[in-house]
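Whatever order the structure lists them in is the order used to number ligands and atoms, beginning at 1.
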Amino acid sequence: MKAKAIAHSNIALVKYWGKKDPKLNLPAAGSISVTLRDIYTISSVEFKDKLEKDNLILNGKPADTLKVNRMTSFMNIIREQAGIDLKAEVVSDNNFPTGAGLASSASAFASLALAGSRAANLSLSNSALSELARKGSGSAARSIFGGFVEMQVGEKSDGSDATAIQLVDENYWNMKIIIAITSEESKAIGSTEGMNHTANTSPFYSQWIYSSQIDLDDMRSAIFDRNFSKVGEIAEFSCLKMHAVAMSANPGIIYWNSITVKCIERIRKLRQSGIPVFFTIDAGPQVKAICLAEAENLITSELKEIEGVKKIFITSPGSGAALLEE
Ligand code: DP6
C-alpha cells in the first residue's frame, strides 16, 4: 500500500480568492492557471500496520504540527473513500529551496492526492483526483492537469463538479514565466486565512466575485485565440483586483513590498516600449513576469537589475500530476 507521485505548482492568471463553502473547500468563483514545469513536489505515501498516527517528513525533516494536522485531515478523506483505517507514512519533498517564497500547497496536495489514493488502492479519474486535491487546497485541484487549466466553480452542493479541466496542454504556447524573488521571509498571512478574512470584511468582495466570472470567459477565449496581449491584460486586471479586494479587507492585507512595486513598474515600462510582457502576483511579494520565449533574456536581465530582487527563477508551462512508483 505504497505509491509515489509528482505534481507541479501553478500560477493563476484569473485568481481564486474566496470560498463559498469552507468545509468542502468550494471556491466562490472559477479560476484559470498555468502549471509550472520546474517547480514541483514529490510525495510518497505508505499506509502501514502498527502506526499510531500519520507521520510527515517534509523536505527531510519532521513537519510542524500544523502541517501534520492538515495532512492528516486530508488522509482522513482518502481513508474514508477507500474504506481503510491504516495510518500513513508520508514523505514530501519540494524541488525548490525552502524560504524562497515559492512554497505552494498546490503541488503538495496534488501530489498527495495521487500518491495517497493509489496507496489506498483507489483508481481515480483525473476529474475525481482534482476534486480530491481541491479538498486539500483549492489551487491543488488545478495542478492535477498540465498546461492551461480552468477550475470550474460547479453547481452541486456536494462539490462533485467543482473540479479542474485542461484547456490546452503545455506545448500549446512557448511562454516563459520569470519569477522575481523580492523577499525570503515567510508570509504573514496565508491564502486560506487571507481569503476568508477578505470575504468576511471587504465591502468590495461581492463585486470581486461577480467580475471574476467575466474575466474567466474573456481569459478562456483569449487563450483559445492565442491572443497573448489579451491574456496579459486580463491577468493583470485579475491580479490587481485580487490584491485590491484583500487591501480593502478590515484590517487590510498588503502582500507587497517596495520591490514588488518596482518590478510592476519595470514590467509596465517594458510593455510600453513594445515588449509583450505582463505580471501576476499571488499571496506574497514575489512577482511573476510572463512573456513569450524570445523575450526571456531581456526580461530576466531587466528584473535582475532591480535593486532588492534577490533571485530569479525561470520556468515554462509544465505537465500534470504523474505516478512515479507504486
Ligand atoms: C493567491 O489554494 O492556497 O494563489 O484553498 O485555502 O488552500 P486554499 O487556498 P490556496 O489559494 C491560492 C490563492 C492564490 C490564487 C490562486 O492560486 O488562484
Distance filter under 4.0 Å to N25 heavy atoms, resulting ligand 1 atoms: 5 (O)
Carboxylate-amine/guanidinium proximity below 4.0 Å for E302 and K269: no
Within-cut-off N or O pair, T192 and ligand 1, under 3.5 Å: yes
M151 near ligand 1 by a heavy-atom separation under 4.0 Å: no
contact_flag H243 ligand 1 heavy-atom lt 4.0 Å: no
Heavy-atom side-chain contact between N25 and K19 under 4.5 Å: yes
Those atoms of ligand 1 less than 4.0 Å from some heavy atom in W17: 1 (C)
Under-4.0 Å heavy-atom contact with ligand 1, by part of S139 that carries it: both
K19 N/O to ligand 1 N/O under 3.5 Å: yes
Heavy-atom side-chain proximity of I177 to I11 below 4.5 angstrom: yes
Sidechain N-carboxylate O distance under 4.0 Å for D49, K87: no
Gap between atom CG of L270 and atom CZ of F279 - 0.5 Å precision: 12.5 Å
Atoms in ligand 1 flagged as close to A283, the criterion being non-hydrogen separation under 4.0 Å: 1 (C)
contact_flag M242 ligand 1 heavy-atom lt 4.0 Å: yes
Heteroatom distance test (G138, ligand 1): nitrogen or oxygen, under 3.5 angstrom: yes
Closest approach of any protein heavy atom to atom 15 (C) of ligand 1, naming residue and atom: Y16 O, 3.4 Å
Residue R70 vicinity, atoms of ligand 1 by number, heavy atom under 4.0 Å: 7 (O)
Ligand-side contact atoms (ligand 1) for residue partner A12, heavy atom cut-off under 4.0 Å: 16 (C), 17 (O), 18 (O)
Heavy-atom side-chain proximity of I253 to H197 below 4.5 angstrom: yes
Ligand 1 N/O within reach of N10 N/O, cut-off under 3.5 Å: no
Mode of M195 contact toward ligand 1 - side chain, backbone, both, neither (heavy atoms, under 4.0 Å): side chain
Backbone or side-chain N or O of S105 under 3.5 Å from ligand 1 N or O: yes
Heavy-atom nearest neighbour in the protein, as seen from atom 16 (C) of ligand 1, with distance rounded to 0.1 Å: R142 NH2, 3.4 Å
Side chain to side chain, F224 and V168, heavy atoms closer than 4.5 Å: yes
Main-chain N/O of L86 paired to R79 side chain as donor or acceptor, under 3.5 Å: yes
Check: T35 and R142 side chains under 4.5 Å, non-hydrogen atoms: no
Structural part of S137 in contact with ligand 1, heavy atom criterion under 4.0 angstrom: both
Close side-chain approach of R271 to P276, heavy-atom, < 4.5 Å: no
Salt-bridge criterion met for K230 and E233 (N-O under 4.0 Å): yes
